[in-house]
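Structure record follows, encoded as structure tokens.
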Amino acid sequence: MAEALAEESPSVKAQCVGFVFPMHYFGLPLQVEEFLEKLIIYESPYTFAVATCGVPYWGRPFLDAEEILARKKRKLYGKWFLRLVSNYIPYRDIAADWRISIRACLAKRKISKIAEAVRNKEDHSTWQVLKAFCQRYHEKWRGRQSEIDENFICDGEKCTSCGLCEKICPRGNITRPEGSPVWHHNCVECLGCLHICPAEAIDYGEATRGRRRYRHEDVAVRELLR
Ligand SMILES: Cc1cc2nc3c(=O)[nH]c(=O)nc-3n(C[C@H](O)[C@H](O)[C@H](O)COP(=O)(O)O)c2cc1C
Ligand code: SF4
Ligand code: SF4
């Protein structure tokens, strides 16, 4: 989606169109919202979405996606939450390894079921609870987007100037004039820079100090870079 957003008029024409994205602050990540707004969807008889998350059902990502798609006269037929490992470490540390293994196992099973349903072009809805509360919470977060990255700090002693934080940022929000990262207030809080740093030099205020960093074991660093 980050790459497609760089195109002037991203478009898709297919029998089946799927959107897979993480849930952020009970709703759509800012870039996913921008992508859905910008995307031109030609004939697509079946459209579905999967929202990965730490805690399923609490949130309204599909409602938000459907509002955007409805303006394009499209709808979501299939909607699924997929519980993975929450990488939001300003709130809570990464789950213990045994929990990660169980979640990975359950997620694989659920993905097989989703794939089967998508192949059969099934209608599938899901619970989305506390919708009004989640909307208020999400909007409050959006309202302070330009301040999000003010919490990032980099420990210059640990930083090796490898450049990965700059390369992973989907917004081009990081430069490194003197080796260490500098943030430019166009952050979507994906936390990619924080989790990818091999030296663990980046923290989000004090809250993330000493907490684990996480990347799914099947995902290589190069797959995440711009
Ligand atoms: C800024 C931010 C906000 C998040 N908000 C939520 C949330 O409201 N509910 C939730 O269940 N998970 C939340 N998460 C966790 C992500 O949904 C989770 O890390 C992601 O879906 C895991 O998929 P991935 O491994 O592909 O990134 C949040 C993560 C970030 C970075
Ligand atoms: S990823 Fe970490 S070590 Fe590499 S340049 Fe960024 S802050 Fe420095
Ligand atoms: S969290 Fe880091 S990588 Fe993600 S958008 Fe913000 S600056 Fe870029």
Side-chain angles (χ1 to χ4, degrees), residues 1-2 5 20-32 34 49-61 64 80-95 100 103-104 107 111 128-130 133-138 140-142 144-204 207-208 212-219 221 223-226:
M1 290 189 199
L5 265 175
V20 182
F21 48 78
M23 176 156 70
H24 281 183
Y25 283 89
F26 304 125
L28 296 177
L30 297 181
Q31 278 205 292
V32 175
E34 289 169 8
V50 177
T52 66
C53 59
V55 182
Y57 312 120
W58 283 58
R60 43 174 296 140
D64 293 343
W80 289 271
F81 280 108
L82 181 68
R83 190 175 197 195
L84 292 175
V85 174
S86 175
N87 62 6
Y88 194 65
I89 59 169
Y91 172 58
R92 201 193 322 219
D93 205 348
I94 296 295
I100 293 180
R103 289 217 189 141
I111 289 167
Q128 292 174 89
V129 301
L130 295 175
F133 165 80
C134 291
Q135 185 173 29
R136 280 199 301 278
Y137 201 85
H138 190 78
K140 205 170 155 198
W141 171 59
R142 289 202 47 161
R144 54 176 190 84
Q145 196 214 338
S146 59
E147 300 160 29
I148 288 173
D149 62 7
E150 287 174 8
N151 283 333
F152 281 117
I153 38 180
C154 176
D155 183 339
E157 300 275 299
K158 289 185 183 170
C159 173
T160 59
S161 303
C162 70
L164 288 178
C165 52
E166 183 182 348
K167 287 188 193 145
I168 197 175
C169 180
R171 304 292 277 194
N173 185 41
I174 294 176
T175 56
R176 295 182 306 106
E178 290 172 27
S180 297
V182 175
W183 289 266
H184 295 279
H185 313 308
N186 181 22
C187 175
V188 288
E189 210 178 343
C190 69
L191 300 187
C193 51
L194 181 152
H195 284 284
I196 205 169
C197 175
E200 299 191 9
I202 300 176
D203 271 294
Y204 196 71
T208 59
R212 299 205 301 161
R213 275 39 176 175
Y214 175 75
R215 176 167 40 84
H216 193 287
E217 59 183 9
D218 293 344
V219 179
V221 167
E223 293 177 69
L224 296 168
L225 303 181
R226 279 192 299 138

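Read the numbers this way: they start at 1 and go in the same order the structure lists the ligands and their atoms. Values below: every heavy atom of this structure, side chains too, minus hydrogens, waters and symmetry copies. Every value quoted in this text rests on a predicted model; they were computed, and no experiment measured them.
Residues H24 and C190 approach most closely at CE1-CA, 4.1 Å, considering heavy atoms.
Among residues two or more places apart in sequence or in another chain, the side-chain contact (heavy atoms from CB on, under 4.5 Å) test is passed with N151 by Y204. With sequence neighbours left out, the side-chain contact (heavy atoms from CB on, under 4.5 Å) criterion links E200 to R213.
Under a 4.0 Å heavy-atom criterion, L191 is in contact with ligand 3.
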Throw together a table of side-chain donor-acceptor distances under 3.5 angstrom for residues 51-60, partners on residues two or more places apart or in other chains.
unit_1, atom_1, unit_2, atom_2, d
R60, NE, D64, OD1, 2.9
R60, NH2, D64, OD1, 3.0
R60, NH2, E67, OE2, 3.4

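Atoms of ligand 1 lying under 4.0 Å from any heavy atom of V55, numbered from 1 in the order shown and given with element: 10 (C), 11 (O). Counting the atoms of ligand 1 from 1 in the order shown, those under 4.0 Å from a heavy atom of V85 are 18 (C), 19 (O), 22 (C). For ligand 1, the atoms sitting less than 4.0 Å from at least one non-hydrogen atom of L84 are 23 (O), numbered in the order shown with element in parentheses.
Within the protein, the N, O or S atoms sitting under 2.8 Å from atom 8 (Fe) of ligand 2 are C159 SG.
Residue V188 touches ligand 3 through backbone and side chain together, judged by heavy-atom distances below 4.0 Å. At a 4.0 Å heavy-atom cut-off, ligand 1 touches T52 through backbone and side chain alike.
In summary, no N, O or S atom of C193 is located under 2.8 Å from atom 8 (Fe) of ligand 3.
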